[in-house]
K.L.:
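Here's a structure for you.
Residue numbers start at 1 and run along the sequence shown.
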Amino acid sequence: MKTFCGRANPTTGALDWVEESEEYDYHQEIARSCYADMLHDHDRNLKYYQGIRAAVGRVKARGEKVIVLDIGTGTGLLSMMALTAGADFCFAVEVFKPMAEAAQSIVKKNGFSEKIKIINKHSTDVTVGPDGDMQMKANVLITELFDTELIGEGALPSYAHAHQNLVQEGCEAVPHRATVYAQLVESELLWSWAQLQPVEVAGTRLVPLPTGGPCAGAHAVCDIQLSQVPPHSFTPLGPLCTMFSVDFSKPVSSAYQSHSSQFVAQAGGRAQVVLSWWDLDMDPSGSIVCTMAPSWTYKQPKTAPWRDHWMQSVYFLPVESSVSDGEELRLTVCHDDYSLWYSLQSPSQQGSQSEAAPSRPCCTCQAHLVWNRARFGELNDRRRTESYVSALRSVLREDSVCLGVSDGSLLPVFAHVLGAKKVYGLENSRMSEQVIEQVLEANSMKGAVELLEIRPEQLSIKDLGGEQISVLMGEPYFSTSLLPWHSLFFWYCRTALAGLLRPDAAILPRSATLHMAAVEFQDLWRIRAPCGTCEGFDVTPMDEMVQRSLDFRESREAEPHPLWEYPCRALTPPTAVMTFDFTQCVPQQPISSQGSLPFTRIGRCHGVALWMEYHLTDDITVSAGLIGPVSEQGECEWSRHRKQGVYFFRSPGESSGDGRASVSYSFTFKPSLGDIKMDFSIEAQ
C-alpha cells in the first residue's frame, strides 16, 4: 500500500507531496542502522563470548539449569553464544519487529529454534508465568543496551525492571559491570564547538552573546571518534579519573545520582572540556574487559579496535575556569536515567557544593538550540571568517544594499561593520532571528541589520524600503541541509529574488562546484559490508534484510558522514564534476555530467566521497570537504564543519594504481526536484 506524504525538500525549500510505500520508514531505519558495524566488531564479540562462557560455567557449577534472558538480542548472536556455551534455554527480547523476524530466521538457520524463544516486545512489557512470555525467571542476564554515553538508550530503566520482574535474585550478568572514566582538558579546538568566540572584523572586535552570566550551553553529549582528535590538540589538566561503576548483576537504580573524583591538577590552564569513555567488565573479576578508550591511550594505537556503535564522549563544562598546576580539584558527574553532565569545583567552592548538587546545564542564550556543535566550530573558524570578510570587502560599496540568505549567519553583521549602507537578513525561524539580534545588541548595533522572518519568494521591494539589492550573500548554510548539495537552496533563493536584484548585483558566493574522489576507507566500510558468518554463526538473513532495505532506495543514494572522523585514502585525483553558477537563475533544464577518473593509487575502493566548494569571488574559495592537498599516499584532511556525502559500492573494487582501471561517473541535477541523481561503476581496461 502507498500513501501520499508531505516532505520538506531541503534543496528547493518546497513541500513535496510524494507517493511512498508504507514500509519506507522502517526500510530507511534498517538501511541506516549500521547493524553490521556491531557484528564486524570482533573485539566486542569475543569479549561477550568469553563473558558468557564464564557466566554459564558459574551457574552450572552451582548445579542449576542455565536460563538466559537476552535483552536487545538483535540478530540473536549472544543467545546462540549462550547455548553453545551450555545454556539450557534462552529468552531473547527484541522490540524492533524487522530485527526480531531476522533473529527468528537466524536462530532457525543455525539450528537453535527449539531452545531460543524470540520475544518481539520491549523488555518492560515482558511477562513471566505459566501463560507469560517467559515461563520462569532467568538466572543469567545478557544485554547490549548501551550507547556512546552508556545509559542513553535507557539501559538503567531496563535493568531496573529486569531485576525486579524478569531475573532471579543473585543472577549472573554479562556484562557484569560498567565503569565510566573522565579526564579534564583544555582544548581550543573542542571549546570552539561550545561557545561563540569574539571575532575581529575590520579592526572592530565583535563580542559574542550578551553577558548576563555565561550560558551553560546544552547538556547533550557530543559523541565523536575521539581517536581522530590528535593529542596535540588538547592539554590534560588532570589524570584519568574513575567516576563511577554500575554492577549489572544487582538491582540497578535509574534515579538521579552524582559521583565525584578529587585530584591534583597536573598542569595549569583553562578547564573547558571533559573527555569520557567507559569499560565493560564481562566477569566479576574484571579479567575480561571491553574498553571504549580512544586509540591514543594504547601503546600501539593501531591495535585499538574500531567501532562506530560505541564511540567516546565530549562534555563541555558550563563555564571555563583557570586552574593552577598542583591545585586541588573535584570533578563531579551527575546522571538521570538517560544522560550525564559534568561540573568542576575547587576547594573554595566545596563547602557550598556539598550541600547542593550541580544542576543540569541549560541553554539561556538560545544559540545552542539554533546551532549544533559543528556550526559553533564553523562560526569560530578564524580563517574561514577572514575569507568571507575579504570577499565581502571586495564587493561592498558605500551605497550597498545587502541581503543575507543563510540560517543564523553572521554575514549581515560583518556587512554592516564593513560599511554597507543598509543590511537585511532572511531567517527561517524566530529563534535564529533572536540569536542574531542578541549578537547585534551585545555589540551596540541594535537595529543595524533588519532581520526578516519571511520566505524569499514572499519578499517585496516594500520590505526593502523601496531599494533593490546590490549584494546578495550567503555562506550558504541551512539547518535543514543533510547532504552537501542541499545548500543549493541558496540558488533557489537567488532565483526567487531575481526581480529584486540590481542588474549589476554581486552574488556571494558566485558559484559552487561538486567534487568527488574514489576512496578506500580505513574502517567506515564496515557499516555497509555484509557479515556472512559471525563468530561461527550464519547471520546471512540479516545481511539479506539490510540489502533489501538498501535496495528499496538507499543503495542508490549517497549518505552524510563527517569524514574527518573516518580516515580514508583517495585512490583517484579529487575532481570537480559539476558547476552551479549562482550569478544566473536556476535553469529549467537538467544539468548533466559524465566522465571517468583513473585510479592512481593501489588500494581497495569502497566508494566515492562527495563535497561542495564555494567560490566567493574569482580568487577566494571555501571548501566544505577537502581543506588541504591529498598526500602522496592518498591521505585526506577534511573539514570538521560540514558532513560530506558518501556513496558506497555494493562490492569494493581493487585498484592497481597504474591508471588502467577507473571510476566512471554520471550526475544529473534535476532543477524541478532539487536533487542530484548519481551513478558510479568501476571500469577495468
K.L.:
Please find the pair of heavy atoms, one from Ala570 and one from Arg601, that lie closest to each other, and give the distance.
P.N.:
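Reported closest heavy-atom pair: O-NH1, 2.9 Å.
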K.L.:
Less than 3.5 Å apart, any donor N or O on the side chain of Gln225 or Asp308 sitting next to an acceptor on the other?
P.N.:
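Their side chains do contain a donor-acceptor pair, which is all the 3.5 Å distance test asks for.
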K.L.:
Stepwise, does the side chain to side chain donor-acceptor pair (under 3.5 Å) test hold for Tyr424 with Asp463?
P.N.:
CA-CA 10 Å; Tyr424 299 88; Asp463 296 315; over 6 Å; no
K.L.:
What are the two closest non-hydrogen atoms of Val449 and Gly425, and how far apart are they?
P.N.:
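Taking every non-hydrogen atom into account, CG1-N, 4.2 Å.
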K.L.:
Between Lys677 and Asp679, is the closest basic N to carboxylate O distance under 4.0 Å?
P.N.:
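No, no charged N to carboxylate O under 4.0 Å.
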K.L.:
If you count every heavy atom of other residues, nucleotides or ligands that lies below 6.0 Å from Glu188 atom CD, does the total exceed 12?
P.N.:
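Result for CD/Glu188: open.
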K.L.:
Closest approach of Gly408 and Ile436, non-hydrogen atoms and distance?
P.N.:
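Minimum heavy-atom separation between Gly408 and Ile436: C-CD1, 3.8 Å.
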K.L.:
Roughly how far, to the nearest 0.5 Å, is the CE atom of Met612 from the OG atom of Ser623?
P.N.:
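Answer rounded to 0.5 Å: 10.5 Å.
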K.L.:
Looking at Met545 and Ala102, what are the two nearest heavy atoms and their distance?
P.N.:
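The answer is SD-CB, 3.8 Å.
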K.L.:
Going from CE on Met516 to CG on Leu610, what distance comes out if it is rounded to the nearest 0.5 angstrom?
P.N.:
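Met516 atom CE to Leu610 atom CG measures 7.0 Å (nearest 0.5 Å).
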K.L.:
What pairs meet the salt bridge (Lys or Arg N to Asp or Glu O under 4.0 Å) rule with one or both residues in residues 563-576, with sequence neighbours excluded?
P.N.:
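Qualifying pairs: Glu520-Arg569.
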K.L.:
Quick one: does Asn428's side chain have a donor or acceptor within less than 3.5 Å of a partner on Asp407's backbone?
P.N.:
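Not at all, since once roles are kept as given, no pair shorter than 3.5 Å links the two residues.
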K.L.:
With a 3.5 Å cut-off and no angle check, do the side chains of Arg642 and Ser487 form a donor-acceptor pair?
P.N.:
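Not at all, the side chains of Arg642 and Ser487 share no donor-acceptor pair under 3.5 Å.
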K.L.:
Is the distance between the ring centroids of Tyr614 and Phe580 under 6.0 Å?
P.N.:
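No; Tyr614 has its ring centre 6.0 Å or more from that of Phe580.
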K.L.:
Could you go through Phe680 and Tyr647, starting from their C-alpha distance and side-chain angles, then the distance that decides it, and tell me whether this counts as ring pair (Phe, Tyr, Trp, His ring centres under 6.0 Å)?
P.N.:
CA-CA 9 Å; Phe680 304 93; Tyr647 186 105; 4.8 Å; yes
K.L.:
Do the side chain of Ser639 and the main chain of His641 share a donor and acceptor less than 3.5 angstrom apart?
P.N.:
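Yes; at least one donor-acceptor contact below 3.5 Å.
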K.L.:
Please identify which of these residues, Val405, Leu497, Thr11, meets the side chain to side chain contact (heavy atoms under 4.5 Å, CB included) condition with Tyr492.
P.N.:
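The option that passes is Thr11.
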K.L.:
First locate atom CG of Leu196, then atom SG of Cys365, and finally report the distance between them rounded to the nearest 0.5 Å.
P.N.:
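So the CG of Leu196 and the SG of Cys365 are separated by 8.5 Å.
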K.L.:
Between CZ of Arg604 and CZ of Phe649, what distance do you get to the nearest 0.5 Å?
P.N.:
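If we round to the nearest 0.5 Å, Arg604:CZ and Phe649:CZ are 13.0 Å apart.
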K.L.:
Is a salt bridge present between Arg375 and Glu378, judged by a nitrogen-to-oxygen distance below 4.0 Å?
P.N.:
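A salt bridge is present here (some side-chain N lies under 4.0 Å from a carboxylate O).
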K.L.:
Do Phe234 and Val273 come within less than 4.5 Å of each other through their side chains, counting heavy atoms only?
P.N.:
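No - every pair of side-chain heavy atoms lies 4.5 Å or more apart.
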K.L.:
Do any N or O atoms from the side chain of Gln197 and from the backbone of Gln195 form a donor-acceptor pair under 3.5 angstrom?
P.N.:
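Yes: the side chain of Gln197 pairs with the backbone of Gln195.
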K.L.:
Given Arg494, which of Leu472, Leu488, Val586 fulfils the side chain to side chain contact (heavy atoms under 4.5 Å, CB included) condition?
P.N.:
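When side chain to side chain contact (heavy atoms under 4.5 Å, CB included) is applied between Arg494 and each of Leu472, Leu488, Val586, only Leu472 qualifies.
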K.L.:
Say whether Gln644 and Tyr566, considering side chains only, have a donor N or O and an acceptor N or O under 3.5 Å apart.
P.N.:
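Note: Gln644 and Tyr566 side chains miss the donor-acceptor criterion.
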K.L.:
Between Glu475 and Ser409, does any side-chain donor sit less than 3.5 Å from a side-chain acceptor?
P.N.:
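Indeed, the side chains of Glu475 and Ser409 share at least one donor-acceptor pair under 3.5 Å.
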K.L.:
Using the ring of each side chain (for Trp, its six-membered ring), is Trp525 parallel, tilted or perpendicular to His606, with breaks at 30° and 60°?
P.N.:
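Trp525 vs His606 ring planes: parallel.
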K.L.:
With distance as the sole test, does Ser511 use its side chain to make a donor-acceptor pair with the main-chain N or O of His615 at under 3.5 Å?
P.N.:
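Such a contact is absent between Ser511 side chain and His615 backbone.
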K.L.:
I'd like to check the side-chain hydrogen bond (donor to acceptor under 3.5 Å, both in side chains) partners of Glu433; sequence neighbours left out, ordered by chain and number.
P.N.:
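Per chain and number, Glu433 pairs via side-chain hydrogen bond (donor to acceptor under 3.5 Å, both in side chains) with Arg430.
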K.L.:
Could you tell me if Ser313 and Glu149 have a donor-acceptor pair between their side chains, going purely by distance under 3.5 Å?
P.N.:
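On atom types as modelled, these side chains do not qualify, holding no pair under 3.5 Å.
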K.L.:
Can Thr480 and His486 be said to form a side chain to side chain donor-acceptor pair (under 3.5 Å), step by step?
P.N.:
CA-CA 8 Å; Thr480 53; His486 288 167; over 6 Å; no
K.L.:
Check the surroundings of atom CZ in Arg384: do more than 12 heavy atoms from other residues, nucleotides or ligands lie under 6.0 Å from it?
P.N.:
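Above 12, so yes.
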K.L.:
Classify the ring geometry between Trp491 and Phe669 as parallel (under 30°), tilted (30 to 60°) or perpendicular (over 60°).
P.N.:
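It falls in the parallel class, under 30°.
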K.L.:
Before we go on, tell me: are the rings of Phe490 and Phe582 under 6.0 Å apart, centre to centre?
P.N.:
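Yes - the distance between ring centres of Phe490 and Phe582 falls below the 6.0 Å cut-off.
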K.L.:
Indicate the atoms forming the closest heavy-atom contact of Tyr338 with Glu153, along with that distance.
P.N.:
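Looking at all heavy atoms of both residues, the shortest contact is CE2-C, 4.0 Å.
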K.L.:
Using the test side-chain hydrogen bond (donor to acceptor under 3.5 Å, both in side chains), find all partners of Gln272 that sit at least two apart in sequence or belong to another chain.
P.N.:
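Only Glu320 meet the side-chain hydrogen bond (donor to acceptor under 3.5 Å, both in side chains) criterion with Gln272.
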K.L.:
Kindly say whether His309 contributes a backbone atom to a donor-acceptor pair with the side chain of Asp37 at under 3.5 angstrom?
P.N.:
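Yes; at least one donor-acceptor contact below 3.5 Å.
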K.L.:
Report the C-alpha separation of Met473 and Leu392 in whole Å, then their side-chain angles, then the decisive distance to 0.1 Å, and conclude whether the side chain to side chain contact (heavy atoms under 4.5 Å, CB included) test is met.
P.N.:
CA-CA 8 Å; Met473 55 191 177; Leu392 277 171; 3.6 Å; yes
K.L.:
Report, as yes or no, whether the 6.0 Å neighbourhood of atom CD on Gln458 holds more than 12 heavy atoms from other residues, nucleotides or ligands.
P.N.:
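Count over threshold, so yes.
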K.L.:
Measure across Met578 and Ser593 and return the closest heavy-atom pair with its distance rounded to 0.1 Å.
P.N.:
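Minimum heavy-atom contact is CG-CB, 3.9 Å.
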K.L.:
How far does CD of Glu427 sit from CD of Gln434, to the nearest 0.5 angstrom?
P.N.:
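With rounding to 0.5 Å, CD (Glu427) is 11.0 Å from CD (Gln434).
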K.L.:
Between Phe376 and His368, is the ring centroid distance below 6.0 Å?
P.N.:
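Yes, they do, as the ring centres are separated by less than 6.0 Å.
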K.L.:
Rounded to the nearest 0.5 Å, how far apart are CE of Met292 and OG of Ser276?
P.N.:
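Interatomic distance, Met292 CE to Ser276 OG, rounded to 0.5 Å: 12.0 Å.
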